[in-house]
Amino acid sequence: MSNLTLALAILGGLVLAAVVAYNTLTSRRNAPRQPDAADRDLSEADPRPSSSSDGVEPMLHIDPHPVPGHERHEPLFDPDLPAPSASPVPTAERRGGLDPLIDVIAPVSLDGLASGDAAIAAMPPTRRAGSKPVAIEGLNEHTGQWEPPVPGQRYSAFQVGVQLANRTGALNEIEYSEFVVKAQAFADAVNGALEFPEMLDEVARARELDQFASAHDAQLGFVLRALHAAWSPGYVQQNAARLGFVAGIIPGRMVLPTSEAGLPPILGLSFDTQAALADDPAQSAIRELSLSLDVPQVDRAEQPFRRMREAAATLAREMDGVVTDSDGQLLREETMDAIGADLEQLYDTLESRDLAAGSPLARRLFS
């Protein structure tokens with residue numbers, strides 16, 4: 001073999017080695033980032049249920065002109081939040097779980113006492129009128145408190161209620177009629193006399209409440225996008241777990257729980273469900289995830305927006321990403337400050353209507 005042939009062979013080998021090394025480096029660089037082995041157990045959190053939805057819009061959604069009878073949608077952010085309606089909903093004293101602020105309440109009077117067992121047996125098989133929840137409560141003979149019927153207890157009166165509005169819209173005439181049928185059947189079964197409020201008045205009240213709720217409903221979302229290498233599900237879960245997020249019941253979803261068990265989560269974090277369900281999740285590539293806040297569901301005292309900003313900034317820094325809106329536009333600090341200021345105004349408006357964010361009534365109305 002001549003010197004020239006040997007030199008060409010060596011050169012060819014070097015070129016081939018360089019190509020292989022380059023491809024290997026590129027492959028490693030583009031491979032989804034994996035969790036650190038030392039902290040891998042952080043992503044093994046127990047599943048917890050979540051009740052808030054996964055919004056991905058970067059601003060509060062406000063629809064100040066809802067169409068009566070149509071479904072209410074999450075409102076778009078408007079720096080000029082509409083003022084509360086001029087005709088407020090009555091703020092009568094709360095009676096048990098039902099509340100005249102957001103419920104139609106029909107009292108059931110009894111000649112004597114009725115047992116909780118009889119009341120439970122008389123309850124309708126489904127506790128809804130259309131899309132609105134129906135509830136039945138009894139006035140406990142011993143405690144004097146309104147409560148859902150309990151076996152072994154005795155009750156001197158009952159009340160049947162249906163919710164005036166929720167995120168599906170206002171109570172309509174058809175739903176009210178279904179409520180009347182179910183309430184009357186219950187009253188007949190317990191030998192009670194039922195008194196219904198005027199339907200047209202209650203339906204009008206439902207529309208007014210729905211208009212207020214539609215104009216002050218808000219879901220907030222940030223999108224976190226990878227700048228360079230994609231992320232694996234384990235990598236996302238590990239970094240989110242360090243901030244207190246735990247696995248949700250839906251694959252690809254994590255939640256930041258509140259300080260009190262059983263309440264809706266403060267924040268939601270979600271990414272591609274298919275990536276979470278892949279046969280080999282370590283090879284699944286995630287290039288974006290969303291952080292969401294269902295404003296009316298979370299108590300103001302939890303400081304959810306501040307924690308949302310901090311979580312987004314920390315994840316972006318640790319995972320080499322950027323915080324954007326759903327169109328990919330960067331969200332700057334001044335934009336965040338403006339949203340935070342308007343959120344404070346929204347909180348004040350809800351509180352002035354006795355529907356403070358995170359309260360039982362707000363969680364029922366905005367659900």
Side-chain angles (χ1 to χ4, degrees), residues 47-63 66 71-78 81 84 89 94 97-99 101-103 131-133 135 163-170 209-222 240 243-250 253-270 290-312 339-340 342-367:
R48 293 194 185 183
S50 168
S51 60
S52 63
S53 56
D54 294 325
V56 294
E57 297 299 324
M59 303 202 174
L60 300 175
H61 302 274
I62 298 277
D63 180 9
E71 283 193 2
R72 188 198 314 163
H73 298 284
E74 284 68 36
L76 265 191
F77 179 70
D78 186 345
L81 292 174
V89 174
R94 182 176 180 274
L98 293 170
D99 194 299
L101 186 67
I102 66 169
D103 294 304
S131 62
K132 308 303 181 294
Q163 195 164 310
L164 287 165
N166 55 18
R167 277 177 171 160
T168 66
L209 179 62
D210 181 59
Q211 289 174 359
F212 172 84
S214 296
H216 298 85
D217 196 355
Q219 292 191 15
L220 187 64
F222 298 155
L243 299 179
F245 285 84
V246 299
I249 60 176
I250 301 173
R253 177 174 170 80
M254 302 182 74
V255 297
L256 182 65
T258 60
S259 55
E260 183 178 344
L263 296 182
I266 298 173
L267 302 175
L269 180 152
S270 59
S290 63
L291 278 171
S292 59
L293 164 61
D294 194 341
V295 176
Q297 294 288 324
V298 184
D299 194 308
R300 185 181 197 172
E302 296 279 3
Q303 298 184 300
F305 183 63
R306 177 186 65 79
R307 296 169 76 169
M308 187 179 189
R309 287 183 66 173
E310 292 176 352
I339 295 175
D342 284 289
L343 267 179
E344 292 301 315
Q345 181 183 348
L346 176 58
Y347 284 132
D348 291 340
T349 303
L350 291 174
E351 289 175 3
S352 71
R353 190 66 179 251
D354 293 328
L355 291 167
S359 66
L361 290 184
R363 291 199 300 269
R364 288 176 56 201
L365 179 61
F366 297 99
S367 64

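Count residues from 1 along the sequence.
The cationic atom of Arg167 (NZ for Lys, CZ for Arg) does not lie both less than 6.0 Å from the six-membered ring centre of Phe366 and within 45° of the ring axis.
Shown here for Ala357 and Val298, the closest heavy-atom pair between the two residues is CB-O, 3.4 Å. Nearest heavy atoms, Ala356 versus Ala362: O-CB, 3.2 Å. Contact between Thr168 and Ser131 at its shortest, heavy atoms only, is OG1-OG, 2.8 Å. Counting all heavy atoms, side chain and backbone alike, Asn166 lies closest to Pro133 at ND2-CD, 4.0 Å. Among all heavy-atom pairs drawn from Pro264 and Thr258, the shortest one is O-CG2, 2.8 Å. Looking at every heavy atom in both residues, Phe222 comes nearest to Ala312 through CD1-CB, 3.9 Å.
At least one side-chain heavy atom of Phe212 sits less than 4.5 Å from a side-chain heavy atom of Leu350. Counting heavy atoms from C-beta on, the side chains of Leu361 and Leu101 come closer than 4.5 Å. Between Leu293 and Gln219, every side-chain heavy-atom pair lies at or beyond the 4.5 Å cut-off. Between Ser290 and Ser270 the shortest side-chain heavy-atom distance falls below 4.5 Å. You'll find the side chain of His216 stays beyond 4.5 Å of the side chain of Pro296, heavy atoms only.
In terms of the salt bridge (charged side-chain N to carboxylate O under 4.0 Å, His left out) criterion, residue partners of Arg307 (sequence neighbours excluded) are, by chain and number, Glu302. Qualifying salt bridge (charged side-chain N to carboxylate O under 4.0 Å, His left out) partners for Arg300, counting only residues two or more places apart in sequence or in other chains: Glu344, Asp348, Glu351. Looking at residues two or more places apart in sequence or on another chain, you find a side chain to side chain contact (heavy atoms under 4.5 Å, CB included) between Ala135 and Leu98.
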Side chain to side chain contact (heavy atoms under 4.5 Å, CB included) between Val255 and Val246, worked out: CA-CA 5 Å; Val255 297; Val246 299; 3.8 Å; yes
Side chain to side chain contact (heavy atoms under 4.5 Å, CB included) evaluation trace for Val295 with Leu346: CA-CA 9 Å; Val295 176; Leu346 176 58; 4.2 Å; yes
Leu267 and Met254: CA distance, side-chain angles, deciding distance, side chain to side chain contact (heavy atoms under 4.5 Å, CB included) verdict: CA-CA 9 Å; Leu267 302 175; Met254 302 182 74; over 6 Å; no
Leu355/Leu365 under side chain to side chain contact (heavy atoms under 4.5 Å, CB included): CA gap, chis, key distance, verdict: CA-CA 9 Å; Leu355 291 167; Leu365 179 61; 3.7 Å; yes
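At least one donor-acceptor pair under 3.5 Å links the side chain of Arg363 to the backbone N or O of Gly358.
Interatomic distance, CG of Leu256 versus CZ of Phe245, reported as 5.0 Å (0.5 Å rounding). Atom CG of Asp294 and atom CD1 of Ile266 lie 13.0 Å apart (nearest 0.5 Å). Expressed to the nearest 0.5 Å, how far NZ of Lys132 lies from CD of Gln163 amounts to 8.5 Å. Note that CZ of Arg309 is 10.5 Å distant from CG of Leu220, once rounded to the nearest 0.5 Å. In this structure, Arg353 CZ and Ile102 CD1 are separated by 11.5 Å, a value rounded to the nearest 0.5 Å.
With respect to Arg364 and Asp103, a salt bridge is recorded, a charged nitrogen being found less than 4.0 Å from a carboxylate O.
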